[in-house]
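Starting from 1, each residue takes its place in the sequence as its number. Values in this document were obtained by computation on a predicted structure and should not be read as measured data.
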Amino acid sequence: MGKRRRVTERRRTRPAVLGGMLAVVVGGAGAGLYALYDGGAAADEGTATAAHRKVRTGPLTAAEVRTAGTRFLTAWQHGRTAEAAAATDDPAAAAPLLTGYAKDAHLRDVTLTPKAAKGATVPFDVRATLAYRGVSKPLAYGSSLTVVRRPGDGEPRVDWHAAVVHPDLRDGDRLVTGASGTPPVKALDRDGGEITAARYPSLGTVLDGLREKYGKTAGGTAGIELRVVRGKESRAAKLSDKTLAELSEGTPGTVRTTLSPSLQAAAERQVEKRTKASVVVLRPSTGEILAVANSGHGFNTAFQGALAPGSTMKVITSSLLIDKGLASADKPHPCPKTVTYGGWKFHNDDDFEIKGGTFKASFARSCNTAFISQAKKLDNDDLTKQAQQVFGLSMNNWAIGVPSVDGSVPVQSAAQMAAELIGQGGVRMNPLNMASVAATVKAGSFHQPYLVAPSVDHRTLATASRTLSAKTLSQLRELMRYTAASGTAAEAMAGLGPDYGAKTGSAEVDGQKKPNGWFTAYRGDLAAAGVVQAGGHGGDTAGPIVASLLKLGG
């Protein structure tokens, strides 16, 4: 932000309206900076003592939002970091990051331009100069702040989060400019073509992960860059450091991936048809990841999401029930309208029932009560063991080549244990996990998915301690084949048989009008899974995405 020179003369100018606020250009060292006013509200809080000041309550007024936002942005823009931090509701957390903006990130000549407030949120544009060791370049991006009432006195303050400084920051992260700790990498697909975020927008986070994992060993040299350095919480969420701007390019090393260019391009096109859609395609015989795509590019839900998988979990549950002799594909199995267990009353969709039906019919129609009815015959850890020992899930030991989450099936009891049988309760999965479930059924054994071959860095892939018996595996394939041919997956999978299988799922989420729609399936030597958040039933939402990719691969 530079040193401030004493202003000896101020040029008069007419005020301009910016984003609903008055902005006056001031001279001196702050040329180009804006002094913002709220149309008459005082910038400071006056001289009233706390003893005589009433605690402010109620919704924030537009004037309060403008004044609090103005105070923060003006102080930050002029380099008065202590004053800017004091304008937030957490000065202790705000001060280091605001100070580091100039000291660590080497950003100066900062100009902050507010836009029209949307309720208590004020979007603003940031323009600055990134300068390091005699080299500089402009930087521009958008961010926003939200004004809240400070606990205790109700005074309007900026609700502090690191994302106010830059939207790619999470609390605990830092901005740093310097020699990059890891050289860049040139990622290649399985055919040797270069992978770029411009070509495949979904792969931005994947490229970040590849660089973090292989940058130091792939043969490249580091450049000078502005990057997000992740803090403790971000690391726990398996987020990678992120490059925001380069002052000088390093020399990239080369990393070859298992991605198929044709499937990746098709996956990108498919997810863009839906909001919050994610999909993964695998090769069951090897575990190679052939495609991964997300319609939202800021977070890799396909690899790192943790969502309730709904009825797609019934693939694992069915294998458990068949193993234990509690169900058999062609034998009669109860599917009443409701079942009560652990004090909870569980329903089927629209309270349907199947009278005199088989377990295969219940699986194909996704009857919840057919599974809940068996909960009393299971131990609390049975489902967890099945997921770990057969499907390789929930052990936190996958090493695919970039950050990923390998699912969670915690040991629970009573109603929560029963809910896990149908993919609710504490179960959490992502499309990578559920594609692996379908791949395990198709291959007959678990092959840990991977994006970079283990031979590249001699890492050890996760394994499962046992495989399904031939009897159980045969019945499980029959359940999925019947669902693809005549059940809830039939419309999406039409024309893709006979070597196929599928399972649909819908997971209710608090606060959502529509459930998350899930779909997992295999065809030939391809397996795939997808989710459309808040999209509705999986057969209608994620199903067409998955089926189109299986068709392309066939």
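- Proximity of a side-chain donor or acceptor of T317 to a complementary backbone N or O of L421 within less than 3.5 Å is detected.
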Name the atoms and distances for all side-chain donor-acceptor pairs under 3.5 Å in residues 449-456, with sequence neighbours left out.
none

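- Judged by distance alone, with hydrogens and angles left aside, the side-chain atoms of K137 form a donor-acceptor pair with the main-chain N or O of E246 at under 3.5 Å.
- Between the E491 side chain and the G539 main chain, no donor and acceptor come within less than 3.5 Å of each other.
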Any chance you could lay out the salt bridge (Lys or Arg N to Asp or Glu O under 4.0 Å) test for D323 and K385, step after step, and finish with the verdict? CA-CA 12 Å; D323 266 353; K385 288 180 177 178; over 6 Å; no

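- When each of R523, R481, K442 is checked for a salt bridge (Lys or Arg N to Asp or Glu O under 4.0 Å) with D499, only K442 meets the rule.
- Listed by first and then second residue, the ring-ring contact (aromatic ring centres under 6.0 Å, His included) pairs that reach into residues 247-276 come to none, sequence neighbours excluded.
- Within the structure, the side chain to side chain donor-acceptor pair (under 3.5 Å) test picks out the following pairs touching residues 196-206 (sequence neighbours left out): S202-E268.
- Every residue two or more places apart in sequence or in another chain was checked for a salt bridge (charged side-chain N to carboxylate O under 4.0 Å, His left out) with R174, and none qualifies.
- Counting only residues at least two apart or in different chains, ring-ring contact (aromatic ring centres under 6.0 Å, His included) contacts with residues 217-252 are absent.
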Below 3.5 Å, can you tabulate the donor-acceptor pairs from side chains in residues 393-403 to any protein atom, sequence neighbours excluded?
unit_1: S394; atom_1: OG; unit_2: V409; atom_2: N; d: 2.9
unit_1: N396; atom_1: OD1; unit_2: K238; atom_2: NZ; d: 3.1
unit_1: W398; atom_1: NE1; unit_2: G392; atom_2: O; d: 2.8

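- Shown here are the salt bridge (charged side-chain N to carboxylate O under 4.0 Å, His left out) partners of D171, two or more places apart in sequence or in another chain: there are none.
- In this structure, S486 has no side-chain hydrogen bond (donor to acceptor under 3.5 Å, both in side chains) partners at least two apart in sequence or on a different chain.
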Show me, pair by pair, the donor-acceptor contacts under 3.5 angstrom made by side chains of residues 219-226, not counting sequence neighbours?
unit_1: T221; atom_1: OG1; unit_2: T251; atom_2: N; d: 3.1
unit_1: T221; atom_1: OG1; unit_2: T251; atom_2: OG1; d: 3.1
unit_1: E225; atom_1: OE1; unit_2: R211; atom_2: NH1; d: 3.0
unit_1: E225; atom_1: OE1; unit_2: R211; atom_2: NH2; d: 3.0
unit_1: E225; atom_1: OE1; unit_2: T243; atom_2: OG1; d: 3.2
unit_1: E225; atom_1: OE2; unit_2: R211; atom_2: NH2; d: 3.3
unit_1: E225; atom_1: OE2; unit_2: T243; atom_2: OG1; d: 3.3

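- For R235, the side-chain hydrogen bond (donor to acceptor under 3.5 Å, both in side chains) partners are E212, D241, not counting sequence neighbours.
- Sequence neighbours left out, not one pair with a member in residues 509-551 passes ring-ring contact (aromatic ring centres under 6.0 Å, His included).
- By the salt bridge (charged side-chain N to carboxylate O under 4.0 Å, His left out) test, D349 pairs with no residue at all, sequence neighbours left out.
- In this structure, a donor-acceptor pair under 3.5 Å is absent between the side chains of S506 and K514.
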